[in-house]
**Student:** 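Just dropping this structure here.
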2 protein chains.
Amino acid sequence: MATMREVAAAAGVSPKTVSRVLNDDPHVSPATRERVEASMRELAYVPNALATTFRSGRSPVIGVAVPDLIDPFFAAIVTAVEEEALAHDLSTLVTSLGHDPSRERTVLESVLRRQLSGLVVAPTTNDHAYLEAWAARIPIAFVDRAPGRLEADAFLQDDHGGARDATAHLIAHGHRRIGFLGDSLAAPTIAERLEGYREALAAAGLPFDDDLVALDAATRPGAAEALRRLRAPDRAVTAVFSSDARCTMAAVPTVTAHPIALTAFGDFPLADSLTPAITVMAQNPAALGRLAAARLVERAAHPTRTLPRRTVLPVTLVERASCRV
Amino acid sequence: MATMREVAAAAGVSPKTVSRVLNDDPHVSPATRERVEASMRELAYVPNALATTFRSGRSPVIGVAVPDLIDPFFAAIVTAVEEEALAHDLSTLVTSLGHDPSRERTVLESVLRRQLSGLVVAPTTNDHAYLEAWAARIPIAFVDRAPGRLEADAFLQDDHGGARDATAHLIAHGHRRIGFLGDSLAAPTIAERLEGYREALAAAGLPFDDDLVALDAATRPGAAEALRRLRAPDRAVTAVFSSDARCTMAAVPTVTAHPIALTAFGDFPLADSLTPAITVMAQNPAALGRLAAARLVERAAHPTRTLPRRTVLPVTLVERASCRV
DNA sequence: TTGTAAGCGTTATCAG
DNA sequence: CTGATAACGCTTACAA
């Protein structure tokens, strides 16, 4: 591990000159440059990125924190952030938050100490007041879910409208008793989607019935049980709106075994190849990630510029077969 | 951004004392500790992780480089590395290499400059001689694919045996003309799986026919075309062995539309819910990632210990319906 | 128990 | 065009 000092000594110049060569400073004579480069090769010199980064006080890294990488929705966000970061010569420090809200703060704070250039987070909690001091120093962008008790850029999808339209779609197909499938209403996105579902019912003059809301459906057994209850004679739903992709995927085995009309929030791989193919309200995770990362870069470059805090992307209905079962 | 020096000044002590408080050094009087902690709160002091890291010369970070995060196989590897890293108080710097081999070197070298504690890589090239100097200083573990021209730890699955057994399974179901579906033979894993396929044919006294090997099938159009050719009267295969999950997923729409006996290398989400459900030879990406990360930690702790270079995990046949179509 | 000095590898500043 | 010096924030020796 040769250092710059050693290279300098070998080339008979000062460290600063080596630094200049490294950074393509034009104020170096060709001869000197030549000599320095030879020494670098000789000693197999590799700059210590840690030192540079420390010196500059800011790490050329964008942090990305999402609940879970296995979920293709978040994987797509991360990938998009990575691509956008790459375009700006930044790397990405990826961290999974897990689905347990109590971990969020610890994890984010430990990431933030690294003097990142920015942070993209798909949060798992509703209260981000603890980030206020951080947000003052480094740009933070929220994706998928809005920040709570904190002013920060947010890139969201139209949870309310999307859920409303997806539900209305089932109503248009003649359904009157429509179940709501979800994980937990603690997540603001899911709560929003429930609101959209209610609005669609109301608009059609249908009653909202708490008993038709089935939660804890993010696992296969959970989804199976939820669907069983919804289908039981006392509830007798003829259609289901699934409020997120994890639940939908968990429900797939049950739905393919005992078909029921289904519309789901969030697309997922192979949704179009199932029997029945699942009708979904498609989000755009890649756009979310890309926009968020781009915003961080922009905030870093123009700290005072005024920009909209909240960007809501539309969702689009992809009609397949499951809504017509 | 208060620094340690400022906290020290505010508390009327030396920076070293603040450092001691921070690191829970017992040689600090309770009174002093109290005073220092008060100042830290007052100034909202947060340690600069960059400085600590620089001073220690090594970043408490494990790098993870995989071709692509969207692929659930690699997402599972990354997640497992993350979990194992977390257990050792390390973070993870995740980078996608892309599927273009020419990017690998640049990306890995830029990651390695950061003085990582270790690197897990699922490579896209066959020649890793350029990593030799790095491998001497920081532990590098390969997953999924073995390193080329480099001595390094590798955690692999039984590509050869798994492909052989998956093909034999089709033969056992009475098939005599079996196609091989793949992306590119440049990947050593795929080449190995082709060998396994050949071995199974040979063991059954069946001829190997180059025309039954269909490549470039990692996209939906590619897979559709490959299957069309294999099925054409001049090839007339009655069964297909798909050599990797990306190809299998790409082939799904064609296979569900025009069923053909299929066995695939690599499991994937919802494979069991398709019609037909896909019979797969399941890998264990989580184990791959976990073992690799654990190995890095072990190498770092015991640089001289002798450990096996190559660990090959078994794959397991998950029989579903597609092999009996 | 606490402090002083020195340095990790790089770069900014300012002289020459 | 080149170099001396200092500094980034923290910690390891070594003293006191």
Side-chain angles (χ1 to χ4, degrees), chain A residues 1-40 43-61 89 110 112-117 137-138, chain B residues 1-40 43-61 89 109-110 112-117 134 137-138:
Chain A
M1 269 317 274
T3 75
M4 202 156 101
R5 212 195 237 39
E6 293 169 327
V7 173
V13 299
S14 82
K16 177 71 222 191
T17 300
V18 178
S19 167
R20 279 195 259 257
V21 170
L22 222 55
N23 296 289
D24 286 319
D25 186 316
H27 301 290
V28 181
S29 77
T32 310
R33 180 180 299 274
E34 197 55 45
R35 216 145 24 92
V36 170
E37 281 169 348
S39 302
M40 296 205 294
L43 300 173
Y45 170 72
V46 180
N48 180 334
L50 231 47
T52 312
T53 265
F54 164 60
R55 179 64 241 245
S56 80
R58 175 138 294 190
S59 191
V61 171
D89 275 316
S110 101
L112 284 161
R113 279 161 213 245
R114 282 169 206 273
Q115 322 291 110
L116 303 174
S117 297
R137 299 192 311 99
I138 96 163
Chain B
M1 269 319 274
T3 74
M4 202 156 101
R5 212 199 238 33
E6 292 169 329
V7 174
V13 298
S14 82
K16 176 69 227 195
T17 301
V18 178
S19 165
R20 278 195 258 259
V21 170
L22 222 56
N23 296 289
D24 286 320
D25 187 315
H27 301 289
V28 182
S29 77
T32 310
R33 181 180 299 275
E34 199 53 46
R35 213 142 31 87
V36 170
E37 280 169 347
S39 302
M40 296 204 296
L43 300 174
Y45 170 71
V46 179
N48 180 334
L50 233 46
T52 313
T53 264
F54 166 59
R55 184 65 178 70
S56 79
R58 174 139 295 188
S59 191
V61 171
D89 275 317
E109 289 191 322
S110 100
L112 284 162
R113 277 162 216 250
R114 280 170 208 273
Q115 321 291 109
L116 304 174
S117 296
W134 291 106
R137 298 193 310 100
I138 96 164

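Every chain is numbered from 1 and lettered A, B, ... according to where its sequence line falls, protein lines coming before strand lines. Only heavy atoms go into these numbers, but all of them, side chains included; no hydrogens, no water, no symmetry mates. Here the structure is a predicted model, which is why all the values come from computation and not from measurement.
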**Student:** If only atom types and distance count, is the side chain of A/R35 paired as donor or acceptor with the main-chain N or O of A/A11 below 3.5 Å?
**Tutor:**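 It does hold such a pair.
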
**Student:** NA contact type, B/V18, heavy-atom cut-off 4.0 Å: base, sugar-phosphate, or nothing?
**Tutor:**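 The residue B/V18 makes no contact with any strand.
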
**Student:** Tell me, do A/P47 and A/M4 make a side-chain contact under 4.5 Å, heavy atoms counted?
**Tutor:**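 The answer is no; the side chains never approach within 4.5 Å.
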
**Student:** Tell me which of A/M4 and B/S29 sits closer to the 5' end of DNA chain C, going by the nucleotide each one is nearest to.
**Tutor:**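 On the 5' side of the pair lies B/S29.
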
**Student:** Which listed nucleotide (D/dT2, D/dC8, C/dT2) is nearest to the side chain of A/H27?
**Tutor:**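 So the side chain of A/H27 is nearest to D/dT2.
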
**Student:** With respect to the phosphate group of D/dC10, does any side-chain polar atom (N or O) of B/T52 fall under 4.0 Å of OP1 or OP2?
**Tutor:**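 Checking B/T52 against D/dC10: no side-chain N or O falls below 4.0 Å of OP1 or OP2.
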
**Student:** Would you kindly give the CZ-to-P distance between A/R113 and D/dC10, to the nearest whole Å?
**Tutor:**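 Taking atom P of D/dC10 as the reference, CZ of A/R113 is at 11 Å.
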
**Student:** Locate the shortest heavy-atom distance separating A/A8 from A/P15; write the atom from each residue and the value.
**Tutor:**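 Distance-wise, the nearest heavy atoms are CB-N, 3.5 Å.
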
**Student:** I want to check something: taking the side chain as every heavy atom from C-beta on, are A/R20 and A/V36 in contact at a cut-off of under 4.5 Å?
**Tutor:**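 Side chain of A/R20 against side chain of A/V36, heavy atoms only: no contact under 4.5 Å found.
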
**Student:** So, OP1 or OP2 of D/dC10: does either fall under 4.0 Å of a side-chain N or O from B/S19?
**Tutor:**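 Checking D/dC10 against B/S19, no side-chain N or O comes under 4.0 Å of OP1 or OP2.
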
**Student:** Measure CG/B/D25 against C1'/D/dT11 and give the value in whole Å, please.
**Tutor:**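 Going from B/D25 (CG) to D/dT11 (C1'), I get 11 Å.
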
**Student:** Roughly, in whole Å, what's the span from CZ in B/F54 to C1' in D/dT12?
**Tutor:**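 Taking atom C1' of D/dT12 as the reference, CZ of B/F54 is at 14 Å.
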
**Student:** Quick check: does any side chain N or O of B/N48 sit under 3.5 Å from a backbone N or O of B/L50, one acting as donor and the other as acceptor?
**Tutor:**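 Pair found, side chain donor or acceptor close to backbone of B/L50.
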
**Student:** Using a cut-off of 4.0 Å on non-hydrogen atoms, how would the nucleic acid contact of A/P30 be classed: base, sugar-phosphate, or nothing?
**Tutor:**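 The residue A/P30 makes no contact with any strand.
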
**Student:** C/dT10, OP1 or OP2 - any side-chain N/O from A/Y45 closer than 4.0 Å?
**Tutor:**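 So the side-chain polar atoms of A/Y45 do come within 4.0 Å of the phosphate oxygens OP1 or OP2 of C/dT10, strictly under.
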
**Student:** May I have the step-by-step check of side-chain contact (heavy atoms from CB on, under 4.5 Å) for B/Q115 and B/T53, ending in yes or no?
**Tutor:** CA-CA 9 Å; B/Q115 321 291 109; B/T53 264; over 6 Å; no

**Student:** Taking the nucleotide of DNA chain C with the closest heavy atom to each, which residue, A/A2 or B/V28, is nearer the 5' end?
**Tutor:**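 Looking at DNA chain C, the more 5' nearest nucleotide goes with B/V28.
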
**Student:** If I take atom CG in residue A/L50 and atom C1' in nucleotide D/dG9, what distance separates them, rounded to the nearest angstrom?
**Tutor:**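 Going from A/L50 (CG) to D/dG9 (C1'), I get 13 Å.
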
**Student:** For nucleotides 14-16 of chain C, tabulate all protein N/O to nucleotide N/O atom pairs closer than 3.5 Å, reporting atom names and distance.
**Tutor:**
none

**Student:** Compute the bend angle of the helix from C/dT1-D/dA16 to C/dG16-D/dC1 from the end axes (five pairs per end), rounded to 10°.
**Tutor:**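 The end axes of the helix from C/dT1-D/dA16 to C/dG16-D/dC1 are about 40° apart, to the nearest 10°.
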
**Student:** Would you call B/W134 and B/E109 a side-chain contact if the rule is heavy atoms closer than 4.5 Å?
**Tutor:**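 Yes, their side chains come closer than 4.5 Å.
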
**Student:** Check whether any side-chain nitrogen or oxygen of A/T17 sits under 4.0 Å from OP1 or OP2 of D/dG3, and answer yes or no.
**Tutor:**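 A/T17 to D/dG3 OP1/OP2: side-chain N or O found under 4.0 Å.
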
**Student:** Would one find more than 12 heavy atoms of other residues, nucleotides or ligands at under 6.0 Å from atom CZ of B/R137?
**Tutor:**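 Yes, because the 6.0 Å sphere around CZ of B/R137 holds more than 12 heavy atoms from other groups.
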
**Student:** By the 4.0 Å heavy-atom rule, please label B/S14 as base, sugar-phosphate, or nothing.
**Tutor:**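 Base, at least one base atom sits under 4.0 Å.
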
**Student:** Starting at CD of A/E6 and ending at C1' of C/dG7, how long is that distance when rounded to a whole Å?
**Tutor:**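 That distance rounds to 15 Å.
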
**Student:** Mind checking whether A/D24 and A/R33 have side chains closer than 4.5 Å, heavy atoms only?
**Tutor:**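 Sidechains of A/R33 and A/D24: in contact.
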
**Student:** Side chain of B/N48, heavy atoms from C-beta onward: which of D/dC8, D/dC10, D/dT2 has the nearest atom to it?
**Tutor:**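 When the side chain of B/N48 is considered, D/dC10 is the closest of D/dC8, D/dC10, D/dT2.
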
**Student:** Counting heavy atoms from C-beta on, name the nucleotide in D/dT11, D/dT12, D/dC8 closest to the side chain of A/R55.
**Tutor:**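 Within the option list, the nearest is D/dC8.
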
**Student:** Looking at D/dA4, does its base get a donor-acceptor pair with the side chain of A/K16 below 3.5 Å?
**Tutor:**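 No, the side chain and the base share no sub-3.5 Å donor-acceptor pair.
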
**Student:** State, with a plain yes or no, whether a side-chain heavy atom of B/V61 is found less than 4.5 Å away from one of A/R114.
**Tutor:**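 Contact flag for B/V61/A/R114 side chains = yes.
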
**Student:** Using a heavy-atom cut-off of under 4.0 Å over every strand shown, decide if A/T32 touches base, sugar-phosphate, or nothing.
**Tutor:**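 Result for A/T32 = sugar-phosphate.
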
